[in-house]
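To keep things clear, I will list the structure first and then write my remarks on it.
Note that ligands are numbered from 1 as they come in the structure, with each ligand's atoms numbered from 1 the same way. Positions are given from 1, in the same order as the sequence printed here.
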Amino acid sequence: GAKRLGRNHSLRFRPALDQQDSPQLALVSDLREALISGDQLELHFQTQHASQSGETVGMEALLRWRHPQQGMISPAHFIPLAERHGLMAELGTWVIEKACAQQAHWRHSGMPALTIWVNISALQLFQGDLEAQLASCLKRYQLSPWQIGLELTESVLLDERAGDMAPRLEALRQQGYQIAIDDFGTGYSSLGYLKRLPVDKIKLDRAFIRELPHDQADAAIVTAVLAMARGMGLEVIAEGVETQQQCQFLIDAGCPIVQGYYFARPQPADELEQRLSAARELL
Ligand code: C2E
Ligand code: MG
Ligand code: MG
Ligand code: MG
């Protein structure tokens, strides 16, 4: 009697119905709240280095979400979710705003002037008015376009919704923003598009770096991309450099810039600031 009723009761009035049925949707609504409250989201920064000297030449901003119950959730997981559920525009705006605020803070605190590279989702490029958004941020924080670089994945640039992406990228470049193709080599692209797209840099995906210098195919691919980029006047950054051997291969192959755990992990702004100012005091 009472037992049965109790069970039915708990079934019928199960409050977190959607959460139990779809952890994904629960996460989307958590992300919506995170955007409102703002204090669960952070930008971390990973420095980029001249391969030979190790000098810091730039940094990439990487989004972090510290979920109140689940801890750190990878952007590789929640960004696609945000894209699918209409939160990407807002998230992208948050990232640009935060990167600019950080740049302004660093300018006043005497940090070396380095470009912050921001990852841009396809949706920001197709739907939002990226150009106006960037302009308004730069104005508010009194920054110059060279201080913000835009990383677009290869698949974005090949998306046919993009139509002719070249004029839009060219407009951004005309204004002084730098543009990089992220994860280069992982899409199913012909090389012809590289010729048409106005970009400054190629980020060689870490899939090609991981097994250097032993894997002959990867070694050949990396060497060939470097030669091609040189011929086209594009700069190359190798991603995911984890070992001294990988770095040495890249130096020998003539790759000018490297990024990866071998040099630095992504870290919060204040930690990076301490690391860079400690390094300066050593000079
Ligand atoms: P990505 O832009 O290709 O970023 C590089 C990823 O490799 C980062 O992962 C970084 O932490 C990781 N990484 C760096 N060095 C090494 C290394 O030496 N070894 C290994 N194994 N990994 C390394 P993370 O931070 O988890 O970001 C994953 C992806 O999420 C990014 O790939 C990017 O596509 C996306 N993402 C991150 N932040 C944003 C953002 O603000 N906006 C957008 N649209 N996407 C973002
Ligand atoms: Mg990137
Ligand atoms: Mg990348
Ligand atoms: Mg990548």
Checklist entry - If we only count N/O pairs under 3.5 Å, is Y262 in contact with ligand 1? => result no
Checklist entry - Out of L152, D182, L63, L41, who gets a non-hydrogen atom closest to atom 38 (N) of ligand 1? => result L63
Next on the checklist: How long is the straight-line distance from NZ of K195 back to CE of M228, given to the nearest 0.5 Å?
Outcome noted: 13.0 Å
Next on the checklist: Could you check whether any side-chain N or O of E242 sits under 3.5 Å from a backbone N or O of R210, counting only pairs where one atom can act as donor and the other as acceptor?
Outcome noted: no
Item to check | Metal-centred angle, the Mg ion (ligand 3) as apex - OD1 of D182, OE2 of E239, 10° resolution | outcome: 110°
Item to check | Side-chain donor/acceptor of Q46 to backbone N/O of A264, under 3.5 Å | outcome: yes
Checklist outcome for this item: Min over S74, P75, P266, A122 of heavy-atom distance to atom 11 (O) of ligand 1 lands on P266
Next on the checklist: Under a 3.5 Å distance rule, please check whether D200 uses its side chain to pair with a backbone N or O of I179 as donor and acceptor.
Outcome noted: yes
Checklist entry - Are L43 and L276 in one and the same hydrophobic cluster, where Ile, Leu, Val, Met, Phe, Trp and Tyr link if side-chain heavy atoms are under 4.5 Å apart? => result yes
Item to check | From L143, L114, T115, residue fulfilling side chain to side chain contact (heavy atoms under 4.5 Å, CB included) relative to Q103 | outcome: L143
Item to check | Proximal ligand 1 atoms for G260, defined as those under 4.0 Å from one of its heavy atoms | outcome: 15 (N), 18 (O)
Checklist entry - Got an N/O contact under 3.5 Å between R64 and ligand 1? => result yes
Checklist outcome for this item: The side chain to side chain donor-acceptor pair (under 3.5 Å) partners of W65 (sequence neighbours excluded) come to Q40
Checklist entry - Which option out of M88, E239, R206 puts a heavy atom nearest to atom 6 (C) of ligand 1? => result R206
Next on the checklist: Return the CG to CZ distance between L87 and F78, rounded to the nearest 0.5 Å.
Outcome noted: 11.0 Å
Item to check | Metal-centred angle, OD1 of N119 through the Mg ion (ligand 2) to OE1 of E151, rounded to 10 degrees | outcome: 90°
Item to check | Backbone or side-chain N or O of Y261 under 3.5 Å from ligand 1 N or O | outcome: yes
Checklist entry - Do the side chain of S144 and the main chain of W146 share a donor and acceptor less than 3.5 angstrom apart? => result no
Checklist entry - What part of N119 sits under 4.0 Å from ligand 1 if we count only heavy atoms: the side chain, the backbone, both or neither? => result both
Next on the checklist: Tell me the contacting part of T153 for ligand 1: side chain, backbone, both, or neither, using a 4.0 Å heavy-atom threshold, strictly below.
Outcome noted: neither
Checklist outcome for this item: For the Mg ion (ligand 3), the nearest N/O/S atom on D183 is atom OD1
Next on the checklist: Once you restrict to heavy atoms under 4.0 Å, what part of Q259 touches ligand 1? Side chain, backbone, both or neither.
Outcome noted: neither
Next on the checklist: Is the contact between R265 and ligand 1 made by the side chain, the backbone, both, or neither, using heavy atoms and a 4.0 Å cut-off?
Outcome noted: neither
Item to check | Identified side-chain hydrogen bond (donor to acceptor under 3.5 Å, both in side chains) partner of T47 from the options R275, R265, Q259 | outcome: R275
Checklist entry - Is H44 touching ligand 1 with its side chain, its backbone, both, or neither, if touching means heavy atoms under 4.0 Å apart? => result neither
Checklist entry - Which N, O or S atom name in E60 marks its closest approach to the Mg ion (ligand 2)? => result OE2
Next on the checklist: Contact between ligand 1 and K203 is defined here as a heavy atom of the residue under 4.0 Å from a ligand atom; is it met?
Outcome noted: no
